[in-house]
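Taking it in order: structure first as structure tokens, then the write-up.
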Protein chains: 2
Amino acid sequence: MHNQLFNHIKKFIDLNADEEQTLLSLLKSSSLKKKSFLLEEGQVCRANYFLVKGCLRLYFIDIKGAEQTTQFAIENWWITDLTSFQFQKPSEFYIQAVEASEVIAIEHHHYDEIFNRIPKLERYFRLVLQKSYQATQMRIRFLYSLTAEERYHHFNNSFPEFVRRVPQYMLASYLGFTPEFLSKIRAKK
Amino acid sequence: MHNQLFNHIKKFIDLNADEEQTLLSLLKSSSLKKKSFLLEEGQVCRANYFLVKGCLRLYFIDIKGAEQTTQFAIENWWITDLTSFQFQKPSEFYIQAVEASEVIAIEHHHYDEIFNRIPKLERYFRLVLQKSYQATQMRIRFLYSLTAEERYHHFNNSFPEFVRRVPQYMLASYLGFTPEFLSKIRAKK
DNA sequence: CGATTCTTTGAAAACAGTCAATCTGTGTGG
DNA sequence: CCACACAGATTGACTGTTTTCAAAGAATCG
């Protein structure tokens, strides 16, 4: 289970056996049932989560009461409400398991320690953040240049297996429109 | 001029005199006239830019030929097309000076060196990226929960001086709608 | 002052949302 | 294993927001 995280880390930096041991002592893994929550609105986000298996989503409830999914995480991605996590203040988001999932957590009270004891991880997380940032940049690019229908087709072509795994109403909000509209797009063809 | 960057860095990490000297030798500063370009579509993005003074924007041209501004940078922010910069491949974006500006550049051929010679900077850029990532998360949240008109009012209340500095057609695309519509929103009240 | 760039305005059209009713599929408990 | 309940998906009519296009008006810069 932890090997998957170590392998991911090793794509970016080298870790020796000592460092692996240190890291191991600061991690905490857990299994999640489908639909269970790692974070709910109003709670403080306690950890940064690495997804070993399954699928999680980050969403919030908008003024009209609708769920807006802002991020999905699958295998080998990190997910957290960075703002709530960093400042340990109440979150405006939910993190929920879309499927039964397994995660490895770095809790907040270990977060500084992890970087102090294994400075190499600064680079790893810099690169992970860089990749996440690039992903959101791409996302904004699509949001600004494609219509709702085009976004759906593009996403569907790019990640067909993912579209199958996720309920449509979550996908709709992730792509920035309503479930009804997604249904109408699909009916067209 | 470089002091401003050093001061920014010192908000996150400590740099000693030696490290400052090393860093200095790897930086390159330049002045930009209003409307000049640091990057144009098709070019490879050569550097990561720290804005000392002025205002830059990152934008692309969509299928219909309209400019879509995806990011602004002001004093003390970094800006680049991370994807083009990292992989040294042609960019789909432009980076343009909205006002006469002064920037400090770290060029790509120095980028690895800078982290190898001053490992502390891994942390600095991790934290800078974290902040940028938080900013885009907030942005997506607003895009998904507010109407175009609400986004304008919210932005206008949050950054009134910024709204004054930037042409409306850039602001409109940044907020995700047309210049004409922005004009109509303003006419309402 | 002239030229260009930016903003405004209005009418028509497109795109996407809302709401409510109905349909479908699936998981659970009896 | 079946039946039922409930979550999720579909459909249609209507509404509303935002875009488009074209033309005219203001502002800015050299």
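Source: prediction; values computed, not measured. Letters A, B, ... are given to chains in the order of the sequence lines, protein chains preceding strands, and every chain is numbered from 1.
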Which nucleotide in [options] has an atom nearest any side-chain atom of [X]:
X       : options                 : value
T147(B) : dT18(D), dT5(C), dA9(D) : dT18(D)
Y169(B) : dG8(D), dT19(D), dT7(C) : dT7(C)
E180(A) : dA9(D), dC19(C), dT7(C) : dC19(C)

To the nearest angstrom, how far is [X] atom [atom1] from [N] atom [atom2]?
X       : N       : atom1 : atom2 : result
E67(B)  : dC6(C)  : CD    : P     : 8 Å
F177(B) : dT8(C)  : CZ    : P     : 12 Å
K188(B) : dG16(D) : NZ    : C1'   : 11 Å
L182(B) : dC6(C)  : CG    : C1'   : 12 Å
Y152(A) : dC15(C) : OH    : C1'   : 18 Å
L171(A) : dA7(D)  : CG    : C1'   : 17 Å
L175(A) : dA16(C) : CG    : C1'   : 14 Å
R186(B) : dT7(C)  : CZ    : C1'   : 9 Å

I want to check one thing: is the phosphate of [N], taken as OP1 and OP2, less than 4.0 Å away from some side-chain N or O of [X]?
X       : N       : value
K184(B) : dG10(C) : no
K64(B)  : dC21(D) : no
S183(B) : dT8(C)  : yes
T178(A) : dA16(C) : no

Exercise. Checking K131(B) against W78(B): charged group under 6.0 Å from the ring centre and within 45 degrees of the axis?
Worked result: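 No, K131(B) does not lie over the aromatic ring of W78(B).
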For this session: Validate the cation-pi geometry between R123(B) and F12(B): distance from NZ or CZ to the six-membered ring centre under 6.0 Å, angle to the ring axis within 45°.
Result: no
Problem set entry | Parallel, tilted or perpendicular: ring planes of F162(A) versus F155(A), cut at 30 and 60 degrees |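 Taking F155(A) first and then F162(A), their aromatic rings stand perpendicular (interplane angle over 60°).
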Exercise. Should Q168(B) and R186(B) count as side-chain neighbours, where that means a heavy-atom distance under 4.5 Å?
Worked result: yes
Exercise. Looking for any heavy atom pair under 4.0 Å, which part of the strands does K34(A) touch: base, sugar-phosphate only, or nothing?
Worked result: nothing
For this session: Indicate, with a heavy-atom threshold strictly under 4.0 Å, whether F181(B) touches base, sugar-phosphate, or nothing.
Result: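 Base: the residue F181(B), judged by heavy atoms under 4.0 Å, touches a nucleobase.
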Exercise. So which one's nearest nucleotide on DNA chain C is more toward 5', A148(A) or M170(B)?
Worked result: M170(B)
Exercise. Just by modelled atom types, is the L32(B) backbone N or O under 3.5 Å from a matching donor or acceptor in the S36(B) side chain?
Worked result: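 No: the side chain of S36(B) does not pair with the backbone of L32(B).
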